[in-house]
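We count ligands from 1, going down the list as the structure has it; atoms in each ligand are counted the same way.
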Amino acid sequence: MKNPLIIALDFESAGRARELVDRLGDSVSFYKVGLELYAAAGMEFVKELIARGKDVFLDLKLYDIGETVKRTVAQLAATGVRFTTIHAVPQVMRAAVEGRGSSNLQLLAVTVLTSLDDRDLADMGYRYSVSELVALRVRQAMEAGVGGIVCSPLEVGAVRRIAGPGAVLVTPGVRSAGAGKGDQKRVATPAEALANGADYLVIGRQVTRAEDPAAEVRRILEEVQLPR
Ligand code: C5P
């Protein structure tokens with residue numbers, strides 16, 4: 001069984017991120033670079049991770065006109081980024097699929113940000129509830145050929161039923177029992193998320209803020225019963 005952990009490098013500098021990657025060594029092979037670190041350290045740091053043999057999930061949540069999305073995704077694919085995110089809007093997704101071409105970049109659709117509730121959607125002019133819009137967008141993502149979805153561990157079962165067995169499902173909002181939740185309200189444990197159908201777990205602060213991050217990774221891998 002493959003290692004399902006993706007550690008989120010939510011740091012303000014390449015130096016801090018590098019320090020964690022050094023400490024985790026071979027126990028982690030997949031890292032997420034989000035907007036903060038991307039703004040601080042850019043593609044240079046992404047390329048450094050790739051050169052070290054790490055897989056990179058560059059979480060850019062793209063949403064722009066088709067031509068821009070297509071050309072940006074083509075650049076990411078050429079650099080060797082493994083996962084990236086786009087908003088689950090049909091035009092954006094179709095452009096991203098074109099940009100990916102035949103590369104092995106896995107696109108992940110972000111359906112509805114978990115910071116939005118039904119009222120926020122109504123304010124934005126949508127006539128759907130969050131769960132209805134998530135379901136619609138999962139179907140549209142699969143139709144567009146995106147093939148991957150980022151979703152909460154609490155909705156991963158429902159998403160799997162719509163997206164089918166071949167979809168790549170990635171869930172943040174995962175915490176071991178007893179670990180601090182931070183600002184996350186809706187969390188599941190790593191084992192629950194995998195049992196509900198997740199392929200990859202994005203874990204940030206439980207590991208990055210731990211006194212001994214490598215020990216924390218070992219604890220999570222034990223919890224999900226993977227050989228270390
Ligand atoms: O909470 P934690 O530190 O584990 O967060 C890990 C990563 O998951 C962060 O980079 C965060 O942006 C991302 N994320 C999230 N919740 C969502 C979507 C993304 O925590 N609903």
Side-chain angles (χ1 to χ4, degrees), residues 3-14 16-17 20-21 23-24 28 30-41 45-46 49 54-63 81-88 106-118 120-121 130-131 133-134 137-138 141 148-159 168-194 196-217 219-221 223-224:
N3 183 339
L5 293 190
I6 301 178
I7 302 300
L9 294 172
D10 295 324
F11 291 113
E12 71 280 10
S13 70
R16 292 280 315 279
L20 183 80
V21 173
R23 287 184 76 175
L24 293 178
V28 174
F30 216 141
Y31 287 97
K32 181 167 92 71
V33 173
L35 288 174
E36 181 194 14
L37 183 58
Y38 185 69
F45 184 68
V46 169
L49 285 173
K54 303 300 181 187
D55 286 321
V56 175
F57 170 4
L58 185 53
D59 189 12
L60 295 181
K61 297 190 179 72
L62 298 173
Y63 188 171
V81 169
R82 280 286 295 124
F83 287 2
T84 196
T85 41
I86 47 174
H87 282 273
Q106 174 68 56
L107 298 168
L108 303 173
V110 175
T111 55
V112 178
L113 295 174
T114 50
S115 56
L116 299 175
D117 62 18
D118 290 347
D120 296 313
L121 290 186
V130 169
S131 58
L133 190 56
V134 168
R137 288 184 160 179
V138 171
I149 309 280
V150 179
C151 57
S152 128
L154 303 181
E155 68 194 16
V156 69
V159 170
V168 175
L169 305 187
V170 178
T171 60
V174 177
R175 290 284 181 288
S176 299
K181 288 188 188 174
D183 56 359
Q184 298 271 19
K185 291 184 186 123
R186 301 165 70 233
V187 297
T189 66
E192 285 164 351
L194 292 173
N196 289 338
D199 296 295
Y200 292 92
L201 313 173
V202 175
I203 299 188
R205 287 161 293 182
Q206 182 184 344
V207 168
T208 59
R209 308 266 174 94
E211 221 159 277
D212 185 346
E216 200 64 25
V217 164
R219 170 182 156 192
I220 297 166
L221 291 177
E223 259 178 66
V224 300

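Side-chain N or O atoms of Q206 include one that pairs as donor or acceptor with a backbone N or O of S176 at under 3.5 Å. Side chain of K54 to backbone of V28: a donor-acceptor contact under 3.5 angstrom is found. Counting only distance, with no hydrogens or angles, the side chain of T85 and the backbone of L60 share a donor-acceptor pair below 3.5 Å.
The ligand atoms of ligand 1 that sit less than 4.0 angstrom from a heavy atom of R175 are 1 (O), 2 (P), 4 (O). Within the listing of ligand 1, atoms 1 (O), 2 (P), 3 (O), 4 (O) sit less than 4.0 angstrom from a heavy atom of R205. Atoms of ligand 1 found under 4.0 Å from any heavy atom of T114 (numbered from 1 in listed order, with element): 17 (C), 21 (N).
Polar contact check, D10 against ligand 1: a nitrogen or oxygen pair lies under 3.5 Å apart.
Residue P172 holds the heavy atom nearest to atom 14 (N) of ligand 1 of all those in C151, P172, G204, A8.
Contact analysis puts K32 in contact with ligand 1, with a non-hydrogen atom separation below 4.0 angstrom.
Partners of L116 according to the side-chain contact (heavy atoms from CB on, under 4.5 Å) rule, which considers only residues two or more places apart in sequence or in another chain, are V112, L113, D120, L121, M124.
Looking at heavy atoms from C-beta onward, R137 lies out of side-chain contact with H87 at the 4.5 angstrom threshold.
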